[in-house]
Amino acid sequence: MNLRVGIVGISGFGGGEAMRLIAGHPSFELVYAAGEGSAGSRLGDRFPGAPAELAELVIEKWDPATLPKLDVLFASLPTGTSAEALARVSKDMKIVDIGGDHRYVEGWAYGLADIWPAQIEGQTRVANPGCFPAATLTALAPLLANGLIEPGNIIIDAKTGISGAGRGGADSRFGYAESNENLVPYGLLEHVHMPEMAGTIERLSGGSAAGLVFTPHLVPMTRGILATIYCRGRATTDQCLDAARRFYAGRAFVRVTDKPPQTKWATGSNLALVSYAADPERNLVIAMGVVDNLGKGAAGQAVQNANLICGLPEITGLGGAPVWP
């Protein structure tokens, strides 16, 4: 099978990671690349290490009216910039939106691929989860689905690498001088991923996510997310680990570990690693989730979702081991 795919927003970190994965995908052929500031340049100019067969591809200015015939379009655009344009794309063309405009929007499947693969298969519009939800919800799902924790008053303390801000950088705090040797909380009480996580917690548990607290922190590393999540529940550590192993049995990309996971374990991969620590006497369960924010948190899960909607095995093009060290 040879499927024609395109990437909008290819010059950013998410789009560049999607290009890397598609370049090694046995069934996807990258035939269209689009951007704004990079339009008119060769892919090889923007990414000098691009494979030779892609280096001469010219990046076009993003315009839905000039799209060629594609089987799948990956949209890696900043939240708030894709909804209007993607609404003008033919319904015959499958879309995976890596950005945030279509999460829990009517007509779009929520692409939490390791939890609801059957609800993604055969869809034409898939909204990729955010990077923090990918780490958080993967760890929480087995506990919520089995009633081992209360869905309310969950506290999420998450750390992310700087690439999560995108290639544009946004402001000086993402530059080397300010981010190196520094730890910065941000988005307190109003982060854009809060509604997405609350909605999924309620969907998994059937209860209310009232009292949810989420605080992300910027740490001086390039890639990776570690979410440490504090929950109320009387389960033991072994019960949590057993529930997760049953929940993810046969799932290729989720690893349940006895030891607390580390961000390096997922670097450059589509893996999610989860673990748990619990003290029933204190009514406390700690869930931990790790992903590469550009892998499972963005482009890796997008390719997994594209595999599902195209009828391919989920693991196609995603079997590479993490980069170590």
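Computed over heavy atoms, backbone and side chain alike; hydrogens, waters and symmetry mates excluded.
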>> Is there a side-chain contact between Leu183 and Leu218 in this structure, where contact means two heavy atoms from C-beta onward sitting under 4.5 Å apart?
In response: no

> More than 12 non-hydrogen atoms from neighbouring residues, nucleotides or ligands closer than 6.0 Å to CG on Leu189, yes or no?
Replying inline: no

>> Ignoring hydrogens, what is the shortest heavy-atom contact between Tyr248 and Ala141? Give both atom names and the distance.
In response: OH-CB, 3.8 Å

> Sequence neighbours excluded, which residues qualify as salt bridge (Lys or Arg N to Asp or Glu O under 4.0 Å) partners of Glu53?
Replying inline: none

> What residues, two or more places apart in sequence or in another chain, satisfy side-chain contact (heavy atoms from CB on, under 4.5 Å) together with Ser76?
Replying inline: Ile98

> With a 4.5 Å heavy-atom cut-off, do Pro129 and Leu137 have their side chains touching?
Replying inline: no

> Say you draw a straight line from CG of Asn153 to CZ of Arg232; how long is it, rounded to the nearest 0.5 Å?
Replying inline: 8.5 Å

>> Between Glu56 and Leu43, does the side chain to side chain contact (heavy atoms under 4.5 Å, CB included) criterion hold? Intermediate values first, please.
In response: CA-CA 6 Å; Glu56 297 302 320; Leu43 204 56; over 6 Å; no

>> For Ile201 and Leu140: C-alpha separation, side-chain torsions, deciding distance, then whether side chain to side chain contact (heavy atoms under 4.5 Å, CB included) applies.
In response: CA-CA 8 Å; Ile201 287 169; Leu140 288 178; 4.1 Å; yes

> Are Trp265 and Asp292 close enough, and set up right, to give a side chain to side chain contact (heavy atoms under 4.5 Å, CB included), and what steps lead you there?
Replying inline: CA-CA 9 Å; Trp265 294 356; Asp292 182 331; over 6 Å; no

> Is a donor on one side and an acceptor on the other found under 3.5 Å between the side chain of Asn180 and the backbone of Tyr176?
Replying inline: no

> Is there a donor-acceptor contact under 3.5 Å from the side chain of Asp45 to the main chain of Ser41?
Replying inline: no

> Rounded to the nearest 0.5 Å, what separation is found between the NZ atom of Lys69 and the CG atom of Asp71?
Replying inline: 6.5 Å

> In the hydrophobic clustering (ILVMFWY, side-chain contacts below 4.5 Å, transitive), which residues join Val8, or is it alone?
Replying inline: Val31, Tyr32, Trp62, Leu67, Leu70, Leu73, Leu77, Leu86, Val89, Met93, Ile95, Val105, Trp108

Which atom pairs, one a donor and one an acceptor, fall under 3.5 Å between side chains of residues 310-325 and the rest of the protein, sequence neighbours left out?
| from | atom 1 | to | atom 2 | distance (Å) |
| --- | --- | --- | --- | --- |
| Glu314 | OE1 | Arg251 | NH2 | 2.7 |
| Glu314 | OE1 | Gln304 | NE2 | 2.8 |
| Glu314 | OE2 | Arg251 | NH1 | 3.0 |
| Glu314 | OE2 | Arg251 | NH2 | 3.1 |
| Thr316 | OG1 | Pro313 | O | 2.8 |

> Quick check: does any side chain N or O of Asp101 sit under 3.5 Å from a backbone N or O of Thr79, one acting as donor and the other as acceptor?
Replying inline: no

> So with a 6.0 Å cut-off around CZ of Arg88, is the heavy-atom count from everything else above 12?
Replying inline: yes

> Would Tyr276 end up clustered with Leu284 when hydrophobic side chains under 4.5 Å apart are linked, directly or stepwise?
Replying inline: no

> When clusters are formed by joining ILVMFWY residues with side-chain heavy atoms under 4.5 Å apart, either directly or through shared neighbours, do Ile149 and Ile286 land in the same one?
Replying inline: no

> If we only count heavy atoms from C-beta on, is the Arg203 to Trp116 side-chain gap below 4.5 Å?
Replying inline: yes

> Taking side chain as C-beta onward, heavy atoms only, is Pro151 less than 4.5 Å from Glu202?
Replying inline: no

> Are Leu57 and Ile59 connected in a single hydrophobic cluster, I mean Ile/Leu/Val/Met/Phe/Trp/Tyr linked by side-chain heavy atoms less than 4.5 Å apart?
Replying inline: yes

> Is a side-chain donor or acceptor of Thr237 paired with a backbone partner of Ala277 at a separation under 3.5 angstrom?
Replying inline: no

>> A side-chain contact here means heavy atoms from C-beta on lying under 4.5 Å apart; do His217 and Val184 qualify?
In response: no

> At what distance, to the nearest 0.5 angstrom, does CG of Leu112 lie from OG1 of Thr138?
Replying inline: 5.5 Å

> Any side-chain heavy-atom pair from Thr200 and Met197 closer than 4.5 angstrom?
Replying inline: no

> Hey, what do you get for CE (Met194) to CG (Leu212), rounding to the nearest 0.5 Å?
Replying inline: 4.5 Å

Would you list the atom pairs, donor with acceptor, under 3.5 Å between side chains in residues 252-263 and any protein atom, with sequence neighbours excluded?
| from | atom 1 | to | atom 2 | distance (Å) |
| --- | --- | --- | --- | --- |
| Thr257 | OG1 | Lys259 | O | 2.5 |
| Asp258 | OD1 | Arg245 | NH2 | 2.7 |

> Taking a hydrophobic cluster as the set of Ile, Leu, Val, Met, Phe, Trp and Tyr residues connected by side-chain heavy atoms closer than 4.5 Å, whether directly or through intermediates, do Leu148 and Met288 fall within one such cluster?
Replying inline: no

> If you take all heavy atoms of Ala227 and Ala135, which pair is closest and at what distance?
Replying inline: CB-CB, 4.2 Å

> What are the two closest heavy atoms between Gln123 and Ala109, and how far apart are they?
Replying inline: CG-CB, 3.9 Å

>> I'd like to check Asn270 versus Val303 (side-chain heavy atoms, cut-off strictly below 4.5 Å). Are they in contact?
In response: no

>> Set out, in order, the CA-CA distance, both residues' side-chain angles and the distance that settles side chain to side chain donor-acceptor pair (under 3.5 Å) for Tyr110 and Gln119, then state yes or no.
In response: CA-CA 8 Å; Tyr110 183 60; Gln119 298 179 29; over 6 Å; no

>> Are Cys131 and Val291 packed together at the side-chain level, in the sense that at least one heavy-atom pair is separated by less than 4.5 angstrom?
In response: no

>> Under the criterion side chain to side chain contact (heavy atoms under 4.5 Å, CB included), I'd like the reasoning laid out for Ile162 against Thr222: C-alpha separation, chi angles, the key distance, then a yes or no.
In response: CA-CA 5 Å; Ile162 299 166; Thr222 301; over 6 Å; no

>> Looking at every non-hydrogen atom in both residues, tell me the closest pair between Arg234 and Pro280 and how far apart they are.
In response: NH1-O, 2.7 Å

> Taking NZ, NE, NH1 and NH2 as the nitrogens, is one of them in Arg103 or Asp97 under 4.0 Å from a carboxylate oxygen of the other?
Replying inline: no

> Does Asp157 pair with Lys159 as a salt bridge, N-O distance under 4.0 Å?
Replying inline: yes

>> I need the minimum non-hydrogen distance between Leu143 and Ala287, along with the two atoms involved.
In response: CD1-CB, 4.1 Å

>> Tell me whether Ser38 contacts the main-chain N or O of Gly35 through its side chain, where contact means a donor paired with an acceptor under 3.5 Å.
In response: no

> Under the ring pair (Phe, Tyr, Trp, His ring centres under 6.0 Å) criterion, do His191 and Phe132 qualify, and how do the steps go?
Replying inline: CA-CA 10 Å; His191 194 279; Phe132 287 115; 5.5 Å; yes

> Do Ser163 and Asn293 get their side chains close enough for a donor-acceptor pair, meaning under 3.5 Å?
Replying inline: yes

> Can Glu29 and Arg4 be said to form a salt bridge (charged side-chain N to carboxylate O under 4.0 Å, His left out), step by step?
Replying inline: CA-CA 5 Å; Glu29 179 186 2; Arg4 292 165 55 86; 5.6 Å; no

> Closest heavy-atom contact between Ala266 and Leu273?
Replying inline: CB-CD1, 3.8 Å

> Do the side chains of Ile229 and Val219 join up, straight or via other hydrophobic residues, at under 4.5 Å, putting them in one cluster?
Replying inline: no

>> Working to the nearest 0.5 angstrom, can you tell me the gap between Ile155 CD1 and Phe214 CZ?
In response: 13.5 Å

> How many angstroms lie between CD1 in Ile115 and CG in Leu204, if you round to the nearest 0.5 Å?
Replying inline: 5.5 Å

> Can you name the side-chain hydrogen bond (donor to acceptor under 3.5 Å, both in side chains) partners of Arg20, sequence neighbours left out?
Replying inline: Glu17

> Judged by modelled atom types alone, do Asn128 and His102 share a side-chain donor-acceptor pair under 3.5 Å?
Replying inline: no

